[in-house]
Trainee: 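Below is a structure I'd like to ask you about.
Hydrogens, waters and symmetry mates play no part in the numbers below; they use all other heavy atoms, side chains included.
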Amino acid sequence: MNGKILMNFALTICFFCCCSSGRVIESPHYNVIHVEAEFEIRQYKQVSWISALVQGTASFEKSTQQGFHRLYQYIHGANSNSSHFLITSPVTTTIMASTRGPERLVRYYLPSMYTENPPLPNSELNVQFEKWRSNCLAVRRFSGFAKDDNINKEVEALKSSLNKYLPKSSAISEYTVAQYNSSRHLSGRLNEVWLDVSAVTSEGCQRR
């Protein structure tokens, strides 16, 4: 086993340990502005991500794996500074409506120390930086593993719950699945479905 393989193995073990230990993991900041039994509405402050676009596969699970593989390389040294980042959460996958075929955008939340001047990714990774302005998300939590056979049910449940509060949200076609745990974390898992409702909420929760 050569040195590179040993290093990748060690980094993988480190990833699992960080996600399953009691260490506090950095996440995006938000304010809860409305709470119902089955969902809440959050206003997120500006959020910086690095993202990987995956095209050609309709599978949520496969596209998440493919996208995160590229992001994982970036945060473990495949960048201009050879920097190794701390694990953050959540890892998100946005399912986008497109006439060009299936498109999924997998994102890693950049730690606050890198939001202003992150190291550039190696070009072969084909990843890019994103900066969200303040926006408003409707959020539904669910447990277990996020899979192809359950995420649509969670999205429809969120839209149904929102219908009385924000009727126009039923027309939103793009949604995001946020996963907070590593695949090795088998119990007490947390996932969320996000709908960006900035355009259909009151003036107090508009994108700005």
Trainee: Without swapping roles, check the side chain of N191 against the backbone of V177 for a donor-acceptor pair under 3.5 Å.
Mentor: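 Judged by distance alone, no pair lies under 3.5 Å.
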
Trainee: Would you find a donor on one side and an acceptor on the other, under 3.5 Å apart, between the side chain of N163 and the backbone of S160?
Mentor: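 Between the backbone of S160 and the side chain of N163 there is no qualifying donor-acceptor contact (under 3.5 Å).
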
Trainee: S112: what forms a side-chain hydrogen bond (donor to acceptor under 3.5 Å, both in side chains) with it, not counting sequence neighbours?
Mentor: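 Testing S112 for side-chain hydrogen bond (donor to acceptor under 3.5 Å, both in side chains), a comparison that skips the adjacent residues, returns E26.
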
Trainee: Could you check whether atom CE of M113 has more than 12 heavy atoms from other residues, nucleotides or ligands sitting under 6.0 Å from it?
Mentor: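 Counting neighbours around CE of M113, 12 or fewer heavy atoms of other residues, nucleotides or ligands fall under 6.0 Å, so no.
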
Trainee: What I want to check is whether the side chains of D148 and S59 have a donor and an acceptor closer together than 3.5 Å.
Mentor: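 Distance-only check passes for D148 and S59.
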
Trainee: Do other residues, nucleotides or ligands put more than 12 heavy atoms under 6.0 Å from the NZ atom of K131?
Mentor: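 Atom NZ in K131 is packed in, count exceeds 12.
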
Trainee: Nearest heavy-atom pair of R189 and G144: which atoms, and what distance?
Mentor: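 In this case the closest contact between R189 and G144 is NE-O, 3.1 Å.
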
Trainee: Is S80 reaching over with its side chain to a backbone N or O of L120, donor-acceptor style, under 3.5 angstrom?
Mentor: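 Answer holds: yes.
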
Trainee: Can a side-chain donor-acceptor contact be found between Y175 and N152 if the only test is distance below 3.5 angstrom?
Mentor: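 A donor-acceptor contact under 3.5 Å links the two side chains.
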
Trainee: Would you say the side-chain atoms of N31 pair up with the backbone N or O of I33, donor to acceptor, closer than 3.5 Å?
Mentor: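 Judged by distance alone, no pair lies under 3.5 Å.
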
Trainee: With sequence neighbours excluded, what pairs up with R141 under the side-chain hydrogen bond (donor to acceptor under 3.5 Å, both in side chains) test?
Mentor: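 In terms of side-chain hydrogen bond (donor to acceptor under 3.5 Å, both in side chains), with neighbours along the sequence ignored, R141 is linked to E40.
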
Trainee: Using modelled atom types and a 3.5 Å cut-off, is there a donor and acceptor pairing between side-chain atoms of N122 and backbone atoms of E124?
Mentor: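 The answer is no, because no donor-acceptor pair under 3.5 Å joins these two groups.
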
Trainee: Looking at the rings of Y74 and F85, which for Trp means the six-membered one, are their centres under 6.0 Å apart?
Mentor: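 Yes, close enough.
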
Trainee: State, to 0.1 Å, how close S169 and L162 come at their nearest heavy-atom pair, and which atoms those are.
Mentor: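 Nearest heavy atoms, S169 then L162: OG-CB, 3.4 Å.
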
Trainee: Do any N or O atoms from the side chain of R104 and from the backbone of A58 form a donor-acceptor pair under 3.5 angstrom?
Mentor: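 It does hold such a pair.
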
Trainee: Do other residues, nucleotides or ligands put more than 12 heavy atoms under 6.0 Å from N81 CG?
Mentor: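 Atom CG in N81 is crowded, with more than 12 foreign heavy atoms closer than 6.0 Å.
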
Trainee: Taking only residues two or more places apart in sequence, or in another chain, which ones meet R140 in a salt bridge (Lys or Arg N to Asp or Glu O under 4.0 Å)?
Mentor: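 With neighbours one apart ignored, the set is E154.
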
Trainee: I'd like to know if the side chain of S51 and the backbone of L105 have a donor-acceptor N/O pair within less than 3.5 Å.
Mentor: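 Pair absent, no side-chain N/O of S51 close to backbone of L105.
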
Trainee: Strictly by modelled atom types, are T57 and S63 linked by a side-chain donor-acceptor pair under 3.5 Å?
Mentor: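 Looking only at side-chain atoms, S63 and T57 do not form any donor-acceptor pair under 3.5 Å.
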
Trainee: Side chains of T94 and T176 only: does a donor on one sit below 3.5 Å from an acceptor on the other?
Mentor: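 Yes - a donor-acceptor pair under 3.5 Å links their side chains.
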
Trainee: Taking the six-membered ring for Trp and the single ring otherwise, decide whether the centroids of W194 and Y44 are under 6.0 Å apart.
Mentor: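 Yes; Y44 has its ring centre under 6.0 Å from that of W194.
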
Trainee: Checking side-chain polar atoms at under 3.5 Å, does H69 have a donor or acceptor matched by the opposite partner on Q65?
Mentor: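 Checked: H69/Q65 side chains show no N/O donor-acceptor pair below 3.5 Å.
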
Trainee: Working to the nearest 0.5 angstrom, can you tell me the gap between Q128 CD and I50 CD1?
Mentor: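 So the CD of Q128 and the CD1 of I50 are separated by 7.5 Å.
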
Trainee: Which of these passes ring-ring contact (aromatic ring centres under 6.0 Å, His included) with W49: F129, W132, Y108?
Mentor: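 Between W49 and the candidates, ring-ring contact (aromatic ring centres under 6.0 Å, His included) is satisfied uniquely by W132.
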
Trainee: Taking NZ, NE, NH1 and NH2 as the nitrogens, is one of them in R42 or E192 under 4.0 Å from a carboxylate oxygen of the other?
Mentor: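 Salt bridge flag = yes for E192 with R42.
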
Trainee: Are the side chain of R70 and the backbone of N126 linked by a donor-acceptor contact shorter than 3.5 Å?
Mentor: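 Yes: the side chain of R70 pairs with the backbone of N126.
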
